[in-house]
Amino acid sequence: MYSSFFGLELAVRALNAQQSALSVSGHNISNASTEGYSRQVANIRTAIPLTLLGSGKELTLGTGSILDSVTRARDSFIDRQFRLETSKYEYWAGKQSILSTIEGMMNEPSQYALSNDLSNFWNAWSVLANNPQNTGARSALLEQTLTLVDTFHHLNQQITDIQQDLDSSVSAMVNEINTIAKQLRELNIQIKNAEVARNNPNDLRDQRDALVDQLAKLVPVRVIETQDPAFTDRTVGIYKVIIGNPNDPKNVLVDDQHVRTLTTVAYNGYQQAVWSDIDSSVTNVGLPINGPITINDGDQIRINVDGISYTIDLSSLKGTYDATGTFGLTFVDLANSLRTVINNAINANSGPAEVEVTFTGTNFVISSGLFGPDSRIAFEEISGSFGRTFNVATGLTPKTGNTGTATVTVLGGVYNGNGNTLKATYIAATKAAITGNILNGTVDFTGSTIALKLDGGDTVTLDLGTLENSATGDASYDLSDPAQREEFIGALQALIDSEPTLKDNLKVRLTSDNRIELINESPNAGTSSVLEVEVTGSAGKLGLNGSARGTDSYWQITDNGIPPKSAVINGDTGTVEVAGLTIEITDALDLADNDSFTLDLTIKNRMADLGFTTAVVSNTVDLGVEEGKLAASLEMRDSYLEEFRAKINTLVKGIADAVNALHYSGQGLQLETAGLAFFTSTDGMPITAANITVNPLLLNDPSRIATGLRNDPVERGDSTIALAIASLANDWTRLQDLINQDVFGPGGAPPVQASSFADYYGSLITDLGVNSQQAIRMSEGQAVLVNQMYILRENVSGVSLDEEMANLIKYQKSYMSAARLVTMLDSMLENVLNMGITR
Amino acid sequence: MRITTNLMSHNLLRSLEQANSRMTLLQTQLSTGRSLTKPSDDPVATETALRMNNTIASMEQWKKNASEALSYLESTESILSNMTAMLQRIRELTVQGATGSLSNNDRMQIAQEIDQLTMQFQVLANSQVNTKYIFAGTKIDAPPVEAYTGTGTPPAITKWAGNDKVLEIEVGPNVTMPIAINGQQLFGITFNSDGSANSSFFNMLHELSTALRNSDHEAINASLDKIDIEIDNFLELRSQLGARTNRMRTIYDQLDNSIINLKQTLSQIQDVDMAAAIMEFNSVQNTFRAALSVGAQIIQPSLVDFIR
């Protein structure tokens, strides 16, 4: 038998259960449009049945329903997919918006952009070529150039502006991540407290999920929820959030009640995201080294240690190294020398800590000695030759067939030119020679004489009347006739040879343009070789009167910069300073005309040979691949925009070099003895988009803008140079001679790697367009995926008003039925009570 | 699959957004007339458009150059035709002076007219077009001849301040055309070794004048031959000039046509087809309206409305 009030109790339980379920439905309805809300389900189960002993056997009676739990309908797998797709979408959307900003900045294709300014610039040269004497055209050209230069400055500044915008947004995102992390920790504590008390904090969990969704937009997120093993009789969870690359063990942001923060440290002027609690230093592991490494004079590496960049000259490490020491030096020796040389540079600059360099047997490893977020190792690119120091010795390259030798040593200095090679050519001493007029017309030499004096010796006078023309028999020759010309030269030589002092010492010859030439072939050479000639009579038509002296030998040393820098060493040996370097030539033997040597000035960056790349190794957060808005901003700011700026700088330098090279060989309306550059830089460094400007000498005096070739006297109508510069709008045809001389780069390289400047710029814009198009397509595709995930999630966790209304009806009817049961039981109990009353 | 309230409104919003963004894009295209406004619209077409813009800009400049050259050439032509007429007159006078029936006085008169014509030739040798001395080669800033301004027979010129280079202008990619004639060739200038000059033309005029004053018949007849040689020289150079002028006109017309063709091609690449865009706009607008009205109808009612 059971309690009298069993039924009542049962009904009451039913009422409670239905009422609670109704409340849950009501909660769902009121939160139907709440962001991040997941539908809660009231789980009503039967209460524990009562086992009775009745009628001799055991009976099990149900005891009604109770509300077991209120759970939320949430699929964590869909959540994970949703967050993944969101991260990817935010990455591409972030990238797309920045690329769209860059497209707006370039504003192509339109009439108000760089390509238009360039066209106008080339056209201004064409206008100047039509009227080089016109000062108006010169002023117009200068104005157009200043506009172009302004556009370059402006573009450079805008790229920097975008980078700075991204920089502040990176800082803001890091702050947001930290804020979210703290909030997650708070929620974790609250949820844990509730779970320990056997509650089901569904709404807190919803808030937590919403925060993690927000976090997923910034960085890729992975949530790991496990059961706390400390509690065996109830379900308590441990909530761990990992951001960035999930395989990196350092990337835990929230570990239940423990939260870590990110902070920003400056690198190259911009903020990088790092973990603030890292207490380790960084190590850069190089790639495996296979063959031997040879270090030469002038090799360099550039390394950034803990935020400070050092350019290290490896000349003192000259030699060949390999694993076993075949050449006397091992890789371990190289590691030790590198350590010494890099640490010397760090100490000289008061850097924070020294590095450690070791060779592990297969590769080099370099570690910073600094602990903490500021610890960093990065290898950087070196290019060009400006600022190079070195000392080197090299041998002579004699002209083919020669046996000359000499030793060339660079004693030191810092190269301050724009070129990449230094060439020294030996010009041998010349002997005295006199070139006369072009031979034409009939000349009768009867009665004319020629007096010759070699090297200050005795004067020998020859009577030209003794010459005999085989055709006419007398001393007159028709010098317009090639045959008679030849005969005349031969007869004159014979006459000279008849004098013992002159024989073999004086030669007569005909030049390629039919002029007569006397050459002093005596063994003396240089300034001691003298020839004096005096003619009388009709021989004056030969134009040989006068005296001549030979020139001494000298070395001409020039670099191939624009404009070139050169110097001369008089004699066969000597020392001179050229382009900032001190060159010494010694031990010269058997030198002949046009023997030369070339020094390659380009800096060899040995970073790759040592197995290192330009990667920055530091405590920066590993943000995974192509996920999250933070990664998009960092990538655009640090690599894409820098590469974009580098391409624009290449274009600017190419234009400046090409125009300068042509301008340098010309002159304007005044006589110039040395050429002028058209473009210069404001700070003396190699020309970039930031520092390019017009040569102030030309701004002050536009008449010095070179339009024609250098000539004395000035030919004001000569527009050769202006035409050549104007033709740069189309292709390199007028630049071909300079290109072949390797002025713009080794191997006949043009100023930019394209068929013209417009072509290079076109490909730059096309690349931008392609990248932007890709970002648009990827983000649109990802948006569709995100939408799919959203639909799936709504499918599981969304509130359907129709469903809730149906539930309301269900619970209401159940409630009414339960209430009916109460009424019935009430009347039954009434009967029971009335049973005991006797009349 | 459960359809929730949120899902319906989310979907409605999304389709409205898509229709809206399509309409905005079409609106931009229609109001700017361009289908290519930024490189990401069509990167390859952008490159082509850039290249064409550059070529059109260059061609417009060459066209201007050709037009300037034409005016230069035409001015030179008129000066030369003037000179030829004067030479013909000199020939007539010489023929007249060669007849034996003239008195010495008459020959004197003829000589004086020859002198005046010589001085005029010297002035014409210093002609300028656009402040450039056209017969001085590239030394365009100084008059090539020292014009004689005194009385009596002008002496033969001994100095020539020009050179034998010819002015050129750019009318195509690496294509330059000469726009003047060689002044030294016109007047038969040769240089002596000491820098002084001889002009066969002016020498001829000087000899003629002297011969007329001295009534030297032999010399006058010899001069007649020389005049014919000079006239042939002038005509040859005039025809060269005429050929250059014709060529320049052809180049000008060609450039004109090329520019029109390029602009047409450029328009095909970057301009929007108005008719197509407007049609598409209408159709998208219809879709938008349909989405709005359908969305409104399904969003509102739910079971709530039907349960009392």
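Note that these values count all heavy atoms, side chains included, but never hydrogens, waters or copies made by symmetry. Labels below follow one simple rule: chain letters A, B, ... track the order of the sequence lines, proteins then strands, and each chain is numbered from 1.
Remark: A:I791 CD1 to B:H10 NE2 distance equals 6.0 Å, nearest 0.5 Å. Annotation: the span from B:N130 atom CG to A:Q133 atom CD amounts to 8.0 Å, rounded to 0.5 Å.
Heavy-atom distances place both the backbone and the side chain of B:K38 under 4.5 Å from chain A. Both the backbone and the side chain of B:E170 come within contact range of chain A, with heavy atoms under 4.5 Å apart. Contact annotation for B:L7: both backbone and side-chain heavy atoms come within less than 4.5 Å of a heavy atom of chain A. For chain A, the nearby part of B:T46 is the side chain; its heavy atoms alone come within less than 4.5 Å. With a 4.5 Å cut-off on non-hydrogen atoms, B:N11 touches chain A through its side chain but not through its backbone. If you measure heavy-atom distances from A:V127 to chain B, the contacts under 4.5 Å come from both the backbone and the side chain. With a 4.5 Å cut-off on non-hydrogen atoms, B:L50 touches chain A through its side chain but not through its backbone. Residue contact with chain A, scored on non-hydrogen atoms closer than 4.5 Å, involves the backbone of B:T37 exclusively. Contacts of A:E804 with chain B are absent, with no heavy-atom separation under 4.5 Å from either backbone or side chain. The part of A:I809 that comes within reach of chain B is its side chain, from C-beta onward, which places non-hydrogen atoms under 4.5 angstrom from that chain. For chain A, no part of B:I179 is nearby; none of its heavy atoms comes within less than 4.5 Å. Neither the backbone nor the side chain of A:N120 has a heavy atom closer than 4.5 Å to any heavy atom of chain B. Contact of A:V770 with chain B is made through backbone and side chain together, with heavy-atom distances under 4.5 Å. For chain B, the nearby parts of A:L801 are the backbone and the side chain; heavy atoms of each come within less than 4.5 Å. Contacts of B:S58 with chain A are made by both backbone and side-chain atoms, with heavy-atom separations under 4.5 Å. Within the 4.5 angstrom heavy-atom criterion, only side-chain atoms of A:D731, from C-beta onward, approach chain B. Of the two parts of B:D41, only the backbone, made up of N, CA, C and O, holds a non-hydrogen atom closer than 4.5 Å to a non-hydrogen atom of chain A. For A:S719, the part sitting under 4.5 Å from any heavy atom of chain B is the side chain, from C-beta outward, and nothing else.
Checked options A:R777, A:E103, A:Q774; the residue passing with B:S40 is A:E103 (criterion: side-chain hydrogen bond (donor to acceptor under 3.5 Å, both in side chains)).
Among all heavy-atom pairs drawn from A:N787 and B:R14, the shortest one is ND2-NE, 2.9 Å. Annotation for A:N730 and B:N174: closest pair ND2-N, 4.2 Å, computed over non-hydrogen atoms. Shown here for A:A758 and B:N54, the closest heavy-atom pair between the two residues is CB-ND2, 3.1 Å.
No side-chain N or O of A:S115 forms a donor-acceptor pair with one of B:N53 less than 3.5 Å apart.
Within a 6.0 Å sphere centred on CZ of B:F135, other residues, nucleotides and ligands contribute more than 12 heavy atoms. Counting heavy-atom neighbours within 6.0 Å of B:Q268 CD, excluding the residue itself, gives a total above 12.
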Could you walk me through whether A:N123 and B:K64 pass the side-chain contact (heavy atoms from CB on, under 4.5 Å) check?
CA-CA 10 Å; A:N123 282 347; B:K64 283 187 205 148; over 6 Å; no

